Amino acid sequence: MESVSEQQILQWKATKTIGIIGLGDMGLLYAQRFSNAGWKVVGCDKEDQYEIIKQKYANCNFEVVLNGHYVSRISDYIIYSVEAANIDRIVSMYGPSSKVGAIVGGQTSCKSPEISAFEKYLPQDIEIITIHSLHGPKVNPEGQPLVIIDHRSYKPTSLQFVETVMSCLKSKFVYLTFEEHDRITADTQAVTHAAFLSMGCAWEKCKVYPWDVVDNKWVGGLENVKINISLRIYSNKWHVYAGLAITNPHAHQQVLQYATSATELFSLCLSNKRKEFTERIMKAKEFVFGNHTGKLLLEDLHLEKYSLSNNTNINNNRSSEVHLPPPNSHLSLLAIVDSWYQLGIDPYDHMICSTPLFSIFLGVSEFLFLSPNLLEQTIEAALTDNLFRKDDLEFVIAAREWSSIISAENFPLYQKKFETVQEFFKLRFQEANVIGNEMIKTILNHSKKN
Ligand SMILES: NC(=O)C1=CN([C@@H]2O[C@H](COP(=O)(O)OP(=O)(O)OC[C@H]3O[C@@H](n4cnc5c(N)ncnc54)[C@H](OP(=O)(O)O)[C@@H]3O)[C@@H](O)[C@H]2O)C=CC1
Ligand SMILES: O=C(O)C(=O)Cc1ccc(O)cc1
């Protein structure tokens, strides 16, 4: 980022307006941060929500207006923070009202449809500099990647202006084209979500609450990560994950490969093809982790502390005994490393724009593959132990179902499936979020140090 004089920043703050269309979770985060940093901010949500939203944010430092036309006509930088599936329709409505010479951007998680809507509906004088905060609304933006895509700018100061506005988030700017953005986020976000969505779905199908000590097999640090992240995703809005995967064409192939890897590895175990299975895992290990040196992302972290079964609020069956985890096949983790290998993806290349969930997914995979004896134990369990067979079967089915839904671009089915699992887990969301936040904070601080 080129440095901008204090005087210029003050002048911009005195004369420029930032507009936000869509005051949901992310739009609100931006409206609050920008206005508290001294920018004049106006925003809107759906027109029928006007009175409610206006009242709700009456004490905030930003102004709520009736709809996107009112935002667009007075704003110098307009950010669309709406559902990905609706971006075309919403830009078609408000785009032509953009103030002459304004800059427009969006927060949607996949940029191809957003850019194509901007190109279709924005007048030629409008510049396009779009952004994507690679974290959820409850995560502190400081230090997290923020992608900036300068797609169509005419004035040399426009990018500086956007960077100056964004600087109050204290995020780490990553400059990409929209095509690079979509390719990378398919590898990082879409597949990560598919994995944790499939775990949650498998538990729901087996009617298992994996923290129940009655079952006594989902214990230990790796299981806690799986449970906390899966519940975290299911506690959010379905459209964020659906939009991100369905609207990104690269994501279809990645999610399909993940489902295929899970299926093929599971089939090898069922037919007891020890040599083939072991060789395939070892080749994947060599490809992904062959050059790994230094500390593991999750080394010395004691993730067994972050168990939902150690929290008494709801679970009265709590036991203070420490259970050693039984060997698990960890099919969900073997499958991700195999699919990175099959697709020729080096996940470490993407750390520059990784999300917290992707870093954690890479962290647990690394832990499984590089901790002494753990991989050998896992391979043995996958081939010979029946303890997790039924769960693995449901997991494979779930991964294939998510892949089919995403490839078929079936938003209604995505929503239905997501909300069925959400309903099953909903009583524990609040607690899972508290524990998950602690766990994520610990992991992220630790990986920064390493
Ligand atoms: N949540 C996350 O973790 C992240 C999300 N994103 C992306 O940011 C975007 C917003 O996500 P998020 O804030 O979580 O979702 P929300 O559903 O919380 O916010 C979207 C908001 O836009 C509103 N909206 C819909 N149509 C219009 C319209 N015509 N005019 C004005 N407002 C409208 C919605 O209203 P209503 O609810 O009534 O439809 C809703 O309040 C998405 O594209 C998402 O993919 C990016 C980074 C992180
Ligand atoms: O970290 C993740 O993957 C999340 O689940 C939060 C998230 C969701 C959508 C985005 O566009 C960016 C971040």
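Note that this is a predicted model, so its numbers are computed, not measured. In this chain, numbering begins with 1 at the start of the sequence shown.
- Between the side chain of Gln144 and the main chain of Ser133, no donor-acceptor pair closer than 3.5 Å is present.
- Annotation for Glu419: atom CD counts as buried by contact number, over 12 foreign heavy atoms lying within 6.0 Å.
- Of the possible donor and acceptor atoms, none in the side chain of Asp182 sits under 3.5 Å from a partner among the backbone N and O of Cys110.
- Within 6.0 Å of atom NZ in Lys207, more than 12 heavy atoms from other residues, nucleotides or ligands are found, so the atom counts as buried in its surroundings.
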Trace of the side chain to side chain contact (heavy atoms under 4.5 Å, CB included) decision for Glu394 with Glu204: CA-CA 9 Å; Glu394 291 297 352; Glu204 188 272 331; over 6 Å; no
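- Of the possible donor and acceptor atoms, none in the side chain of Ser403 sits under 3.5 Å from a partner among the backbone N and O of Ala399.
- Here Ile440 contributes atom CD1 and Lys138 contributes atom NZ; the two are 11.0 Å apart, rounded to the nearest 0.5 Å.
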For side chain to side chain contact (heavy atoms under 4.5 Å, CB included), just list the numbers for Val42 and Ser75, CA-CA rounded to whole Å, side-chain angles, deciding distance to a tenth of an Å, and then say yes or no. CA-CA 8 Å; Val42 295; Ser75 299; 3.5 Å; yes
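- For Asn410 (side chain) and Leu413 (main-chain N/O), a donor-acceptor pair under 3.5 Å exists by modelled atom type.
- Side-chain atoms of Ser339 come within 3.5 Å of backbone atoms of Ile336 as a donor-acceptor pair (strictly under, hydrogens ignored).
- Side-chain atoms of Asp88 and Tyr121 include a donor-acceptor pair closer than 3.5 Å.
- The shortest heavy-atom contact between Asp392 and Ser329 is OD2-OG, 2.5 Å.
- Residues Glu114 and Gly105 share a closest heavy-atom pair of OE2-C, 4.5 Å.
- Between Cys201 and Lys417, some side-chain heavy-atom pair lies under the 4.5 Å cut-off.
- To the nearest 0.5 angstrom, Ile406 atom CD1 is 7.0 Å from His252 atom NE2.
- Here the CD atom belonging to Gln377 is positioned 11.0 Å from the CD1 atom belonging to Ile379, to the nearest 0.5 angstrom.
- In this structure, the side chains of Phe289 and Val337 come closer than 4.5 Å at one or more pairs of heavy atoms.
- Note: Tyr341 and Phe287 have tilted aromatic rings, judged against thresholds of 30 and 60 degrees for the angle between ring planes.
- Annotation for Asn291: atom CG does not count as buried by contact number, only 12 or fewer foreign heavy atoms lying within 6.0 Å.
- For the pair Val434/Gln430, no side-chain contact is recorded, criterion being any heavy-atom separation below 4.5 Å from C-beta on.
- Checked against the 6.0 Å centroid threshold, Phe429 and Tyr234 do not count as a close aromatic pair.
- Interatomic distance, Met282 CE to Lys285 NZ, rounded to the nearest 0.5 Å: 5.5 Å.
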Test Ile229 against Met439 for side chain to side chain contact (heavy atoms under 4.5 Å, CB included), laying out the working first. CA-CA 10 Å; Ile229 302 292; Met439 186 188 80; 3.9 Å; yes
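- Checking Tyr306 against Asn228 by side-chain atom types alone, no donor-acceptor pair falls below 3.5 Å.
- In this structure, Cys353 SG and Leu134 CG are separated by 6.0 Å, a value rounded to the nearest 0.5 Å.
- Contact between Asp338 and Ser261 at its shortest, heavy atoms only, is OD2-OG, 2.7 Å.
- The 12-atom threshold is exceeded at CZ of Phe266, counting heavy atoms of other residues, nucleotides or ligands nearer than 6.0 Å.
- Shown here are the side chain to side chain donor-acceptor pair (under 3.5 Å) partners of Glu163, two or more places apart in sequence or in another chain: Tyr175.
- Counted within 6.0 Å of NZ on Lys205, heavy atoms from surrounding residues, nucleotides or ligands total 12 or fewer; the atom is thus considered open.
- Side-chain polar atoms of Thr188 and Ser354 form no donor-acceptor pair below 3.5 angstrom.
- Summarising the geometry of Val165 relative to Cys168, their closest heavy-atom pair is O-SG, 3.5 Å, with the distance given to 0.1 Å.
- Under the 30°/60° scheme for interplanar angles, the aromatic rings of His193 and Tyr241 are found to stand perpendicular.
- A donor-acceptor distance shorter than 3.5 angstrom exists from the side chain of Glu180 to the backbone of Thr177, with no hydrogens or angles considered.
- Of all non-hydrogen atoms in Phe425 and Val208, the two that sit nearest each other are CE2-O, 4.2 Å.
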Take Phe361 and Phe196, measure what ring pair (Phe, Tyr, Trp, His ring centres under 6.0 Å) needs, and give me the verdict at the end. CA-CA 9 Å; Phe361 198 27; Phe196 290 102; 5.1 Å; yes
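- Side-chain contact between Met166 and Phe34: present, with at least one pair of heavy atoms (C-beta onward) separated by less than 4.5 Å.
- Other residues, nucleotides and ligands contribute only 12 or fewer heavy atoms inside 6.0 Å of the CZ atom of Arg400.
- Here the side chain of Lys111 pairs no donor or acceptor atom with the backbone of His132 at under 3.5 angstrom.
- Arg389 places a side-chain N or O within 3.5 Å of a backbone atom of Ala382 that can act as its donor or acceptor partner.
- Between Tyr209 and Leu308 the shortest side-chain heavy-atom distance does not fall below 4.5 Å.
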Run the numbers on Trp402 and Tyr258 for ring pair (Phe, Tyr, Trp, His ring centres under 6.0 Å), then give the verdict. CA-CA 10 Å; Trp402 281 118; Tyr258 184 66; over 10 Å; no
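- With ring centers used as reference points, Phe424 lies 6.0 Å or more from Trp203.
- Residues Glu142 and Ser171 have side chains not in contact (no heavy-atom distance under 4.5 Å, counting atoms from C-beta outward).
- Side-chain contact of Arg183 with Asn248: a donor-acceptor pair under 3.5 Å is absent, judged by distance alone.
- For the residue pair Thr442/Glu438, the side-chain donor-acceptor check at 3.5 Å is not satisfied.
- Defined by atom type and a distance below 3.5 Å, a donor-acceptor pair is missing between the side-chain atoms of Asn61 and Ser35.
- Looking at residues two or more places apart in sequence or on another chain, you find a side chain to side chain contact (heavy atoms under 4.5 Å, CB included) between Lys273 and Leu268, Ser271, Glu276.
- With no hydrogens or angles considered, a side-chain donor-acceptor pair links His292 and Glu366 at under 3.5 Å.
- Every salt bridge (charged side-chain N to carboxylate O under 4.0 Å, His left out) that Glu223 has, sequence neighbours left out, goes to Lys226.
- With respect to Lys283 and Glu286, no salt bridge is recorded, no charged nitrogen being found less than 4.0 Å from a carboxylate O.
- Contact record, Ser109 with His181: O-CE1, 3.1 Å, taken as the closest heavy-atom pair.
- We find that Lys237 and Asp25 are joined by a salt bridge, their nearest charged nitrogen and carboxylate oxygen being less than 4.0 Å apart.
- Looking only at side-chain heavy atoms (C-beta outward), Trp39 and Phe62 stay at 4.5 Å or farther from each other.
- A distance-only check finds a donor-acceptor pair linking the side chain of Ser359 to the backbone of Thr355 [under 3.5 Å].
- Looking at Asp45, its side chain does come within 3.5 Å of a backbone N or O of Leu23 through a donor-acceptor pair.
- You'll find the side chain of Val421 stays beyond 4.5 Å of the side chain of Trp238, heavy atoms only.
- Between the CG atom in Leu231 and the CE atom in Met199 there is a gap of 12.0 Å [rounded to 0.5 Å].
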